[in-house]
Protein chains: 2
Amino acid sequence: MTTADRPYHHGELPEALIDAGLRLSRAGGAAALTLRAVTREAGVSATAAYRHFTDHDHLRRDTARRTRRALADTMLATIAELGTDLPAAETAVQRLRGVGLGYIRFALDEPGWFDLAFSMPDDPTATPDDAPGPFELLMESLDAMVATGVLSPDRRPGAEWACWGSVHGFADLVARGPLRDQERVVVDQLGRNVVEAVIAGVVAGSLDALRGPQA
Amino acid sequence: MTTADRPYHHGELPEALIDAGLRLSRAGGAAALTLRAVTREAGVSATAAYRHFTDHDHLRRDTARRTRRALADTMLATIAELGTDLPAAETAVQRLRGVGLGYIRFALDEPGWFDLAFSMPDDPTATPDDAPGPFELLMESLDAMVATGVLSPDRRPGAEWACWGSVHGFADLVARGPLRDQERVVVDQLGRNVVEAVIAGVVAGSLDALRGPQA
DNA sequence: GTGGCGATGTGTACGTTGTCAACATTACCC
DNA sequence: GGGTAATGTTGACAACGTACACATCGCCAC
C-alpha cells in the first residue's frame with residue numbers, strides 16, 4: 001500500500017513533520033511530540049525523520065521555534081487591538097501591555113504550544129529568524145519607553161528579565177500550574193492585574209510623569 | 001547475590017525510593033527521575049516500586065512534594081536571615097521579601113529539585129502537609145501585610161498570583177531558561193531587583209504610608 | 001537515451017522505559 | 001506451628017529513540 005498511497009519520496013517531509021508536530025503538541029503539549037507519532041502522522045516510517053533532523057531534539061527545537069513565532073504573532077495582534085493612534089509615550093506603554101497580555105492570552109488559548117515553546121532551549125547555532133521573536137518585541141517596547149521618557153534609563157538594565165519573568169511565571173501558572181482549568185474570565189482579569197503590576201513595578205515613580213500626579 | 005546483599009524485604013523501601021529519587025533529580029532534574037533508575041539505585045527490582053506506588057507518576061508526585069518542602073525550608077531560612085526584630089509592618093514586608101528571595105535562591109542552588117517541584121501538579125487527594133508549604137508562606141506574608149496596613153485590602157485579592165507568578169517566572173528563567181549558567185552574582189542582583197519590583201507593583205501607592213513620602 | 005550516483009525513505013534490530021501477570025519469599029497472627 | 005497477606009522477583013509486552021543495511025527515486029554526465 002506504500003506504493004499506491006504516496007510516491008516513494010514525500011517531497012515536503014520536513015514541513016510535513018513539523019506540521020504534524022504542531023498538531024500533536026497543540027493537543028498534548030511537549031510530551032505528545034514523539035518522533036514515532038510525528039512520522040506516523042506524516043504517513044512515513046519512523047527513521048525517515050533522520051534524513052532531515054539529526055535528532056528527536058532537533059525536530060522538537062524546530063517545532064518549538066514555530067510555536068514561538070505563533071506567540072509573537074499573538075503579541076502583535078494584541079498590540080494592534082489595543083490601538084496605536086496615541087501619543088508616542090502612551091503608545092510605548094501600550095506596546096508593553098500588548099506584549100504581556102498577548103503572552104498570557106497565548107498561554108490561555110494554546111497551552112500545548114506554550115508548553116512546547118519553553119520546554120526546549122533555543123539552540124544558538126540555528127540561523128536567527130527574520131521576524132522579531134517574543135523577546136525582541138519585549139526589548140523594543142522597553143526601549144521605546146526609555147526613548148519617550150516613560151522609563152528612566154537607570155531602570156532599564158535588567159527590566160526585560162523582570163518583565164519576562166513576571167509574565168512568563170503567571171502564564172506558566174495558567175498553562176501548567178495551579179491556575180489551569182480555572183475560569184477563563186477570572187484568569188483573564190488576573191492576568192490584566194499582573195501586567196499592570198509589572199508595569200507599575202518596572203516603571204515605578206517615573207510613570208507619574210506621564211499620567212500626571214494622581215494619588 | 002541478592003540474598004547475600006540485603007534481606008529479601010527491604011523494610012524501608014518507600015523512603016529509600018524517594019531518597020533515590022531526590023538524589024537523581026537533584027543532579028538531573030525531573031527527567032532523571034526514572035522508575036527503573038530509582039529502583040536500580042535502591043538495589044531492588046523495577047517492579048518492586050509498584051507495591052508502594054501505584055504509578056511512576058505517584059512516585060514522582062511524592063518526591064516532588066519533598067522538594068517543595070525543601071523550598072519552603074529555604075524560604076524560612078531566608079526570612080530568618082533578613083531579621084525579624086522590626087516593627088510589625090516592616091516585618092511583614094520583610095517576610096514577603098524572604099519568600100521571594102528564598103524562592104529564587106532555591107532555584108539557583110537546586111535547579112534540579114526546582115525543575116521537579118513544579119513539573120508535576122500536586123494531587124488534591126493526598127493528605128495535606130502539616131508544615132506550611134511555599135504557597136502558604138506567601139499567603140501568610142500577604143495577609144500580615146494587610147493586617148499591619150502595608151497593603152490595602154482592595155489590592156489583596158489575587159495578589160498571591162501576581163507575586164507567585166512574577167517570582168516563579170524569574171526563577172524559571174534562572175533554573176531552566178535563558179538565564180541558566182549565568183553568573184551567580186549577576187542573577188542574584190537581578191533577582192533582588194525583581195522581588196523589589198514585585199513588591200512595589202503589588203503594594204503600589206500604599207507603601208508610601210510605611211516609608212514616608214520620599215520622592 | 002542511459003548509466004550511475006546522491007538523496008530520500010524502508011525494514012529490522014537493539015537497548016531503554018513503564019507496566020502487567022505469575023511466582024517466590026518473608027513477616028505476622030491465631 | 002501453619003496459613004495468609006505483604007512484599008519482592010522474573011519474564012514478558014508495547015512504545016520509545018536510534019543505528020545499520022537496504023530499497024527506491026531524481027537528476028546530471030556522457
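Since the structure is predicted, the reported quantities are computational estimates derived from the model, not experimental observations.
If you measure from atom CD of B:Glu41 to atom P of C:dT17, you get 13 Å, rounded to the nearest angstrom. Distance B:Leu17 CG to D:dT7 C1': 12 Å, rounded to the nearest Å. The CZ atom of B:Arg36 sits 16 Å away from the P atom of D:dA15 (whole-angstrom rounding). In this entry the distance linking CG of B:Leu59 with P of C:dT17 reads 14 Å, nearest Å. In this structure, CG of A:Leu35 is placed 14 Å from P of C:dG9, rounded to the nearest angstrom. Atom CG in B:Leu13 sits about 14 Å away from atom P in C:dA27, given to the nearest Å. To the nearest angstrom, C1' of D:dA6 lies 15 Å from CD of B:Glu12. Regarding B:His56, its NE2 atom lies at a distance of 17 Å from the P atom of D:dC16, rounded to whole Å.
Taking only side-chain atoms of B:Ala48, from C-beta outward, the nucleotide of D:dT9, C:dT10, D:dT18 with the closest atom is D:dT9. Of the candidate nucleotides C:dT19, D:dT10, D:dT18, C:dT19 has the atom nearest to the side chain of B:Asp55.
Side-chain N/O atoms of A:Tyr50 include one lying less than 4.0 angstrom from OP1 or OP2 on D:dT18. Note on A:His52: a side-chain N or O is less than 4.0 Å away from OP1 or OP2 of C:dG9. An OP1 or OP2 oxygen of C:dT17 is reached within less than 4.0 angstrom by a side-chain nitrogen or oxygen of B:Arg40.
The rotation axes computed at either terminus of the helix from C:dG1-D:dC30 to C:dC30-D:dG1 lie 10° apart, taking five pairs at each end and rounding to 10 degrees.
For the side chain to side chain contact (heavy atoms under 4.5 Å, CB included) with B:Leu151, the qualifying choice from B:Leu142, B:Leu96, B:Ile199, B:Asp143 is B:Leu142, the only one to do so.
Counting heavy atoms from C-beta outward, A:Leu71 and A:Phe118 have side chains that approach closer than 4.5 Å.
Counting non-hydrogen atoms under 4.0 angstrom, A:Thr47 reaches a base of the nucleic acid. Among the heavy atoms of the strands lying under 4.0 Å from B:Thr34 are primed sugar atoms or P, OP1, OP2 only; no base atom is included.
In this model, no donor atom of one side chain and acceptor atom of the other lie less than 3.5 Å apart for A:Arg192 and A:Gln189.
Ring orientation note: the planes of B:Phe53 and B:His58 are nearly perpendicular, at an angle over 60° on the 30°/60° scale.
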* Decide side chain to side chain contact (heavy atoms under 4.5 Å, CB included) for A:Arg69 and A:Asp73; before the verdict, give the C-alpha distance in whole Å, the side-chain angles of both, and the deciding distance to 0.1 Å. => CA-CA 6 Å; A:Arg69 270 252 48 81; A:Asp73 290 344; 3.2 Å; yes

* Can B:Phe114 and B:His168 be said to form a side chain to side chain contact (heavy atoms under 4.5 Å, CB included), step by step? -> CA-CA 10 Å; B:Phe114 180 81; B:His168 170 73; 3.9 Å; yes

* List the steps and the verdict of side chain to side chain contact (heavy atoms under 4.5 Å, CB included) for A:Thr34 and A:Val38. => CA-CA 6 Å; A:Thr34 276; A:Val38 165; 6.0 Å; no

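In terms of position on DNA chain C, the residue among B:Asp57 and B:Arg51 whose nearest nucleotide sits closer to the 5' end is B:Asp57.
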